[in-house]
J.: 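Questions regarding the structure given below will be posed in turn.
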Amino acid sequence: MLDNIKHIICLKSVDKDISDKNFDLALEKLNFLVNEEYKPAETILKRGKLCHKLLMFEEAYSDFTYIITHCAQKQEAYYERVQLNYETGNFYGAIIDAERILAWDADNFEIKRIKFLSLVFSSQEEFARDYLMDIFEFHKYKAIRFLLQETAIVITQDEFAKGLKLLQVIDLIDKDNPIKLLKEAGIYELAGQKDKKDEVLKQLDNIFPRYFISHFKISDMYTDKDLMEICFLLELKIFDSQNLFPYPMLILESYRNHSEGHITDAKECLEKAIEINPLKPEGYVLLAQTLQLMSGYDNPELMQEAEENYRKAMTIYQKQGLNEKADEMKRQLNHIKSGSDIYSYK
């Protein structure tokens with residue numbers, strides 16, 4: 001049997017061997033110490049870590065499991081095993097270990113991250129979505145930021161299938177999120193699947209105007225929440241490096257300018273958006289609303305411009321067969337006329 005001093009000296013010698021990359025020698029010494037059965041938990045844990053480092057996964061798993069099963073001090077072994085389970089694709093094992101760790105270390109974000117990712121990669125997307133939203137206290141955009149960051153990590157490792165699985169969770173949180181779609185198109189491009197990439201980009205071009213129009217209204221533009229969400233969407237500029245979507249970018253810029261009180265700048269953004277794509281109705285509607293805001297009903301020229309833009313939007317909606325939208329434009333025109341009549345009466 002070794003005494004305490006000899007044991008400590010031997011472990012320090014092992015640490016030096018590892019730092020010098022003499023891994024075989026370090027492993028030999030650790031095997032000797034384990035056979036001596038002096039402080040086995042400490043020695044077996046160190047051997048498990050070294051085996052993990054050397055990609056000897058079965059040996060590492062055996063050592064960590066032995067400590068968890070037989071030793072009193074087992075918490076560190078749980079931290080090691082949960083990471084090993086996740087790295088080797090034993091996602092169900094990782095989930096179980098993560099839950100046990102969180103029982104005594106409830107605020108450990110890395111363990112929560114491993115549990116969440118393990119839920120996703122074991123095809124438990126619904127549970128993963130609910131768990132992620134709970135982690136971020138149901139803050140949708142923080143959760144989506146996290147998902148995009150994790151997607152970027154797996155893409156750098158060429159794990160495209162995992163990236164697509166993470167993006168599926170975004171769909172469960174925020175259907176047709178434009179950043180998610182751009183990221184998805186990028187994954188298909190990296191994977192050499194051009195047809196799928198083009199299909200996603202076509203889908204993005206179709207849903208994008210409807211997405212941000214459904215999310216925001218000019219009348220609600222002065223809240224911190226709206227500003228935060230707009231700035232989030234403007235991060236599309238990072239992903240849209242080829243400037244594929246200048247029209248929606250300008251629309252979003254106009255929203256941000258509205259929220260910050262820069263109404264004239266918002267008007268200029270909308271005018272540029274209409275120049276780029278005069279066949280989309282959103283730009284005319286938002287420009288009309290902006291002109292109304294600038295006019296305050298006491299500037300006949302601006303109100304006339306607003307009326308003209310509502311009429312253009314109404315014509316486009318009628319051609320698209322969107323009768324409800326066209327009727328809404330009629331109501332706006334009637335509202336302008338009634339407001340003008342009241343002002344004239346005064």
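The shown structure was predicted, so the numbers you read here are calculated from the model rather than taken from an experiment.
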J.: Could you check if a side-chain atom of Tyr188 sits within less than 4.5 angstrom of a side-chain atom of Asp195, using non-hydrogen atoms only?
T.: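 No, side chains not in contact.
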J.: Which value, rounded to the nearest 0.5 Å, describes the distance between Ile187 atom CD1 and Ile155 atom CD1?
T.: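 Going from the CD1 atom of Ile187 to the CD1 atom of Ile155 covers 3.5 Å.
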J.: Is it the case that one hydrophobic cluster holds both Leu172 and Leu181, taking links as side-chain heavy atoms less than 4.5 Å apart, direct or via other members?
T.: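 Unlinked, Leu172 and Leu181 end up in two clusters.
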J.: State, without any angle test, whether Gln124 and Tyr131 hold a side-chain donor-acceptor pair at a distance under 3.5 Å.
T.: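 Looking only at side-chain atoms, Tyr131 and Gln124 do not form any donor-acceptor pair under 3.5 Å.
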J.: Do any pairs count as a salt bridge (charged side-chain N to carboxylate O under 4.0 Å, His left out) and have a residue in residues 57-67, sequence neighbours left out, and if so which ones?
T.: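 Of all non-adjacent pairs touching residues 57-67, those that pass salt bridge (charged side-chain N to carboxylate O under 4.0 Å, His left out) are Arg47-Asp63.
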J.: Can you list every pair that meets salt bridge (charged side-chain N to carboxylate O under 4.0 Å, His left out) and has a residue in residues 126-138, with sequence neighbours left out?
T.: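 Residue pairs passing salt bridge (charged side-chain N to carboxylate O under 4.0 Å, His left out), neighbours aside: Glu126-Arg129.
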J.: Given side chains that start at C-beta, do those of Tyr86 and Lys115 come closer than 4.5 Å, heavy atoms only?
T.: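 No, side chains not in contact.
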J.: Under the rule for side-chain hydrogen bond (donor to acceptor under 3.5 Å, both in side chains), what residues qualify as partners of Gln83, not counting sequence neighbours?
T.: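 With sequence neighbours excluded, Gln83 shows a side-chain hydrogen bond (donor to acceptor under 3.5 Å, both in side chains) to Glu87, given in chain and number order.
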J.: Report the distance from atom CG of Leu117 to atom CD1 of Ile95, rounding to the nearest 0.5 Å.
T.: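 Leu117 atom CG to Ile95 atom CD1 measures 10.5 Å (nearest 0.5 Å).
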J.: Restricting to side-chain contact (heavy atoms from CB on, under 4.5 Å), what partner residues turn up for Lys330, sequence neighbours left out?
T.: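 By the side-chain contact (heavy atoms from CB on, under 4.5 Å) rule, Lys330 matches Met314, Gln318, Asp327.
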J.: If you count every heavy atom of other residues, nucleotides or ligands that lies below 6.0 Å from Lys272 atom NZ, does the total exceed 12?
T.: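 No.
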J.: Applying the side-chain contact (heavy atoms from CB on, under 4.5 Å) criterion to Glu189, which one of Lys196, Lys197, Lys194, Glu184 satisfies it?
T.: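 One option only clears the test, and that one is Lys197.
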J.: Measure the shortest side-chain to side-chain distance between Glu76 and Lys49 over non-hydrogen atoms and say whether it is less than 4.5 angstrom.
T.: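 Side chain of Glu76 against side chain of Lys49, heavy atoms only: contact under 4.5 Å found.
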J.: Under a 3.5 Å cutoff, is there a donor and acceptor pairing between the side chains of Asp105 and Tyr79?
T.: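 Asp105 vs Tyr79: donor-acceptor pair found between side chains.
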J.: Under the ring pair (Phe, Tyr, Trp, His ring centres under 6.0 Å) rule, collect the residues that match up with Tyr78, sequence neighbours excluded.
T.: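 Ring pair (Phe, Tyr, Trp, His ring centres under 6.0 Å) list for Tyr78, sorted by chain: Trp104.
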J.: Sequence neighbours left out, what passes ring pair (Phe, Tyr, Trp, His ring centres under 6.0 Å) with Phe116? Give chain and number order.
T.: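 Testing Phe116 for ring pair (Phe, Tyr, Trp, His ring centres under 6.0 Å), a comparison that skips the adjacent residues, returns Phe146.
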J.: Within 45° of the ring axis of Phe121 and under 6.0 Å from its six-membered ring centre, is that where the NZ or CZ of Lys162 lies?
T.: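 Yes.
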J.: Using a cut-off of 6.0 Å, state whether more than 12 heavy atoms not belonging to Gln320 lie near its atom CD.
T.: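 Yes.
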J.: So which pairs with a foot in residues 302-312 pass salt bridge (charged side-chain N to carboxylate O under 4.0 Å, His left out), sequence neighbours left out?
T.: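 Listed once each, the pairs are Glu307-Arg311.
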J.: Can you tell me how far apart CZ (Phe23) and NZ (Lys21) are? Round to the nearest 0.5 Å.
T.: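 So the CZ of Phe23 and the NZ of Lys21 are separated by 6.5 Å.
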J.: Rounded to the nearest 0.5 Å, what's the gap from OG on Ser118 to OH on Tyr92? Could you check?
T.: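 Reported to 0.5 Å precision, the distance equals 10.5 Å.
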J.: Give the C-alpha distance, both sets of side-chain angles, the deciding distance and a yes or no for side chain to side chain contact (heavy atoms under 4.5 Å, CB included) between Asn257 and Cys269.
T.: CA-CA 9 Å; Asn257 284 323; Cys269 285; 3.6 Å; yes
J.: Which residues satisfy the side-chain hydrogen bond (donor to acceptor under 3.5 Å, both in side chains) test with Glu199, sequence neighbours excluded?
T.: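 So Glu199 forms no side-chain hydrogen bond (donor to acceptor under 3.5 Å, both in side chains) with any residue.
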J.: Taking salt bridge (Lys or Arg N to Asp or Glu O under 4.0 Å) as the definition, give me every residue that meets it alongside Glu328, ordered by chain and number, with sequence neighbours left out.
T.: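 Listed in chain order: Arg331.
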J.: With sequence neighbours left out, write down each residue that passes side-chain hydrogen bond (donor to acceptor under 3.5 Å, both in side chains) with Asp15, or none if nothing qualifies.
T.: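 Result, side-chain hydrogen bond (donor to acceptor under 3.5 Å, both in side chains) vs Asp15: Lys46.
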J.: Between Asp198 and Lys202, is the closest basic N to carboxylate O distance under 4.0 Å?
T.: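 Salt bridge: no.
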J.: Not counting sequence neighbours, which residues clear ring pair (Phe, Tyr, Trp, His ring centres under 6.0 Å) with Tyr317? List them please.
T.: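 In terms of ring pair (Phe, Tyr, Trp, His ring centres under 6.0 Å), with neighbours along the sequence ignored, Tyr317 is linked to no residue.
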J.: With sequence neighbours left out, what residues match Asp107 under salt bridge (Lys or Arg N to Asp or Glu O under 4.0 Å)?
T.: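 Applying salt bridge (Lys or Arg N to Asp or Glu O under 4.0 Å) to Asp107 gives none.
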